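Data block below; observations after.
Keep in mind that this is a model prediction, so the values were computed, not measured. Residue numbers begin at 1 in each chain, while the letters A, B, ... track the order of the sequences.
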2 protein chains.
Amino acid sequence: MEPVLPAPGEPPGVVVLVGDDEPRGMEAAERLARVRYVRENALAQALPGADAVFVWDFLSGALADAWPAGGGPRWVHIASAGVDRLLFPALVEGDTVVTNSRGIFDEPIAEYVLGLVLALAKDLHSTVRFQGERRWRHRETERIDGARALVVGTGPIGRAIGRRLSAAGLAVTGAGRTAREADPDLGTVVPMEGLDAALAEADYVVLAAPLTARTRGMVDAAALDRMRPSARLINVGRGALVAEADLVKALRAGRIAGAALDVFEDEPLPPSSPLWELPNVIVSPHMSGDVVGWRDELVRLFTDNLGRFAAGRPLRNVVDKRLGYVGSGAPTGTEQTTGIEQRG
Amino acid sequence: MEPVLPAPGEPPGVVVLVGDDEPRGMEAAERLARVRYVRENALAQALPGADAVFVWDFLSGALADAWPAGGGPRWVHIASAGVDRLLFPALVEGDTVVTNSRGIFDEPIAEYVLGLVLALAKDLHSTVRFQGERRWRHRETERIDGARALVVGTGPIGRAIGRRLSAAGLAVTGAGRTAREADPDLGTVVPMEGLDAALAEADYVVLAAPLTARTRGMVDAAALDRMRPSARLINVGRGALVAEADLVKALRAGRIAGAALDVFEDEPLPPSSPLWELPNVIVSPHMSGDVVGWRDELVRLFTDNLGRFAAGRPLRNVVDKRLGYVGSGAPTGTEQTTGIEQRG
């Protein structure tokens with residue numbers, strides 16, 4: 001692979017894929033590069049000759065269809081942590097470097113998960129529903145202290161969740177590709193193959209794993225059967241980690257006690273979904289990581305990487321395209337070697 | 001004051017004031033004493049000759065009306081932390097020892113408060129309302145990390161709240177009778193006279209003070225005016241700490257951003273209250289400390305004190321009747337001298 005260097009004397013050409021909303025604060029990026037903003041329908045025309053793509057509309061899957069047959073731009077950056085919607089065979093197999101927005105969502109999502117745990121333990125969702133009916137209905141609630149949380153996913157988001165839940169008094173274990181003991185953020189980490197036993201012990205099962213071929217549908221009827229009848233499922237990863245129809249059945253049958261879901265197989269969640277109405281379910285619209293200022297953070301991270309790209313320096317958050325996420329060992333949000341230089 | 005000792009050879013007589021629900025697990029108490037369970041309407045008849053009263057129906061104010069003119073039983077224990085509903089002049093001025101259920105609610109309430117902070121920061125109440133309408137409405141939320149919480153009340157409940165909020169990343173200060181620096185649970189504690197300045201700096205104002213003549217109505221229009229327009233009020237103390245009509249006005253005018261209230265001037269909150277419908281308010285039915293098993297804990301604490309009473313030993317959680325709460329320096333839930341022996 002050739003080193004990623006712009007042609008001498010010429011700023012790189014960047015295509016920004018936008019949807020209904022466009023990034024603000026792109027002035028610095030526009031000083032570094034020739035930037036074009038295009039929507040899905042103009043993407044195919046804009047790609048040839050572009051050096052990089054910034055996928056601002058991270059819900060779009062348009063890049064796959066628009067990708068030039070002979071290979072596309074040298075660099076694709078996405079304004080999300082997950083790259084499941086982005087990756088397609090030609091991109092995975094080609095030389096294009098993919099970077100993501102890892103690091104921006106970790107702490108916000110961790111706070112959100114703690115909020116969901118507390119909402120479920122304290123029955124806050126029922127409280128809000130009773131309030132809407134002006135009904136004063138006292139109930140007994142649960143402690144979170146000492147409750148057992150299993151965090152599935154040992155990336156930076158899962159780690160931030162582990163730290164927050166531990167600080168709040170929960171007993172945390174993790175599940176990931178590699179088993180280990182005494183992990184600083186997650187304590188004992190069980191391998192995915194040992195998930196069944198871990199599921200049976202958890203009061204809260206928190207999904208923070210990337211969506212890959214290995215994790216798709218991992219929480220199915222069999223996994224839900226392993227969970228305790230008093231347990232709750234929290235999903236802030238990707239909807240397709242869960243077999244949603246199985247989950248609905250398990251909730252209706254009382255095989256688990258509840259769920260708080262921020263992500264879904266189809267988003268927006270269709271109005272016809274039974275999840276909206278199940279009394280023991282909290283449905284939130286894929287917003288767990290989106291704190292005030294998140295768009296600015298996303299633009300800042302891209303701009304930083306664009307400066308690196310323009311100078312031929314290592315990019316941050318290079319995705320291992322075979323794994324489907326930034327590989328382990330890469331510290332969150334810090335500089336890392338892209339592999340471009342190493343192999344270039 | 002005479003030492004509290006039962007007549008030799010005779011178990012003490014205990015009247016338990018009950019409402020619609022009665023305590024379970026009283027077998028141990030019934031082995032220590034002659035126990036009668038009475039409702040409000042039979043209380044006056046039952047008190048003469050009784051050695052002690054266990055106010056299980058802690059919402060009842062019946063003791064004041066039923067109290068014998070010549071002085072009542074030697075000991076009154078209440079199944080709540082607050083004694084504001086219990087105290088009346090003849091009780092305060094007489095020799096009767098009052099004990100409360102301090103210690104049982106501290107950690108449950110602290111967890112609940114953290115849940116309310118997160119619900120407000122993450123707009124969970126709106127999420128539940130949108131869910132009821134099957135509406136997918138993405139919003140940006142707030143971080144709690146670094147947010148400033150002012151905890152009003154430095155008793156064990158306020159301290160537990162301070163510890164929990166600090167562990168969750170908030171910057172905590174306290175307000176209480178006595179100013180101090182570097183408090184282990186609350187950091188800087190400002191005196192009540194310095195409350196105005198502290199109110200102006202807080203993102204979350206948490207009320208966990210006892211209701212006394214000094215604290216009644218402390219959060220009035222003037223105090224609300226001191227608060228930041230982005231601030232939220234959380235009340236898990238007593239409703240009458242807040243001038244409710246002033247709060248409704250402040251919320252409607254947007255002078256503060258929201259409130260989460262577990263206690264109210266009138267409980268149950270009347271259906272006519274505007275608080276039920278304000279979009280930036282969470283109304284919960286006085287349940288912040290009531291975790292599964294709380295009734296058993298209350299009975300255990302009473303039974304322990306009854307054993308002490310029967311043996312003439314110091315009681316736990318003796319209330320300073322002039323202050324209206326267990327005085328400072330008394331460790332939560334541990335043995336303390338009642339003053340009976342000291343003065344007896």
Side-chain angles (χ1 to χ4, degrees), chain A residues 107-108 110-112 114-145 164 166-169 260 262 264 267-273 275-277 281-295, chain B residues 107-108 110-112 114-145 164 166-169 260 262 264 267-273 275-277 281-295:
Chain A
E107 296 299 335
E111 289 183 352
Y112 199 89
L114 178 57
L116 293 177
V117 166
L118 278 160
L120 292 166
K122 306 302 179 186
D123 204 20
L124 266 171
H125 47 300
S126 304
T127 294
V128 173
R129 287 168 192 152
F130 287 130
Q131 180 180 348
E133 301 163 5
R134 296 178 177 247
R135 285 172 71 190
W136 180 274
R137 227 181 98 181
H138 181 276
R139 285 146 288 140
E140 294 180 352
T141 67
E142 298 169 20
R143 294 291 310 271
I144 62 165
D145 207 72
R164 290 252 165 206
S166 294
D262 190 54
F264 303 89
E267 294 180 11
L269 183 66
S272 60
S273 170
L275 290 169
W276 291 109
E277 282 207 337
V281 173
I282 299 173
V283 167
S284 78
H286 202 148
M287 58 189 266
S288 69
D290 304 346
V291 292
V292 172
W294 71 299
R295 289 177 157 83
Chain B
E107 297 298 335
E111 289 182 352
Y112 199 89
L114 178 57
L116 293 176
V117 166
L118 279 159
L120 293 165
K122 306 304 180 186
D123 204 21
L124 266 171
H125 47 301
S126 304
T127 294
V128 173
R129 287 169 191 151
F130 287 129
Q131 180 180 348
E133 302 163 3
R134 296 178 177 246
R135 286 172 69 191
W136 180 273
R137 228 181 97 178
H138 181 276
R139 285 146 288 140
E140 294 180 353
T141 67
E142 298 169 22
R143 295 292 308 270
I144 62 164
D145 206 72
R164 289 253 166 204
S166 294
D262 189 54
F264 303 88
E267 294 181 10
L269 184 65
S272 61
S273 170
L275 289 170
W276 291 109
E277 282 208 336
V281 173
I282 299 173
V283 167
S284 77
H286 201 147
M287 58 189 264
S288 70
D290 304 347
V291 292
V292 172
W294 71 300
R295 289 177 157 84

### Message
When you measure from the side chain of A/E140 to the backbone of B/D290, do you find a donor-acceptor pair of N or O atoms at a distance under 3.5 Å?
### Response
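Not confirmed, A/E140 side chain does not pair with B/D290 backbone.
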Who among [options] has the most heavy-atom pairs with chain B under 4.5 Å?
options	answer
A/R135, A/M287, A/R295	A/M287
A/A167, A/P268, A/A119	A/P268
A/L116, A/T141, A/V281, A/I144	A/T141

Identify the heavy atoms of [X] and [Y] that sit nearest to each other, and give their distance.
X	Y	value
B/W276	A/W136	CH2-N, 3.7 Å
B/D145	A/E111	N-OE2, 2.9 Å
A/R143	B/P108	CD-CG, 3.8 Å
A/V291	B/K122	CG1-NZ, 4.0 Å
B/Q131	A/V283	OE1-N, 2.9 Å

### Message
Angle between ring planes, A/H138 versus B/W294, binned at 30° and 60°: parallel, tilted or perpendicular?
### Response
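Answer is tilted, since the angle falls between 30° and 60°.
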### Task
Under 4.5 Å heavy-atom distance to chain A, tell me which part of B/S272 shows up: side chain, backbone, both or neither.
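Looking at B/S272, just its backbone touches chain A.
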### Query
Pick from B/R139, B/H286, B/R137, B/H125: which one has the most heavy-atom pairs with chain A under 4.5 Å?
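Maximum pair count with chain A is reached by B/R139.
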### Residue, of B/L118, B/L114, B/L275, B/L124, that accumulates the most heavy atom pairs under 4.5 Å with chain A
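Counting heavy-atom pairs under 4.5 Å, the top option is B/L118.
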### Query
Non-hydrogen atoms of chain B under 4.5 Å away: do they reach the side chain of A/E133, the backbone, both or neither?
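Nothing of A/E133, per the 4.5 Å heavy-atom cut-off to chain B.
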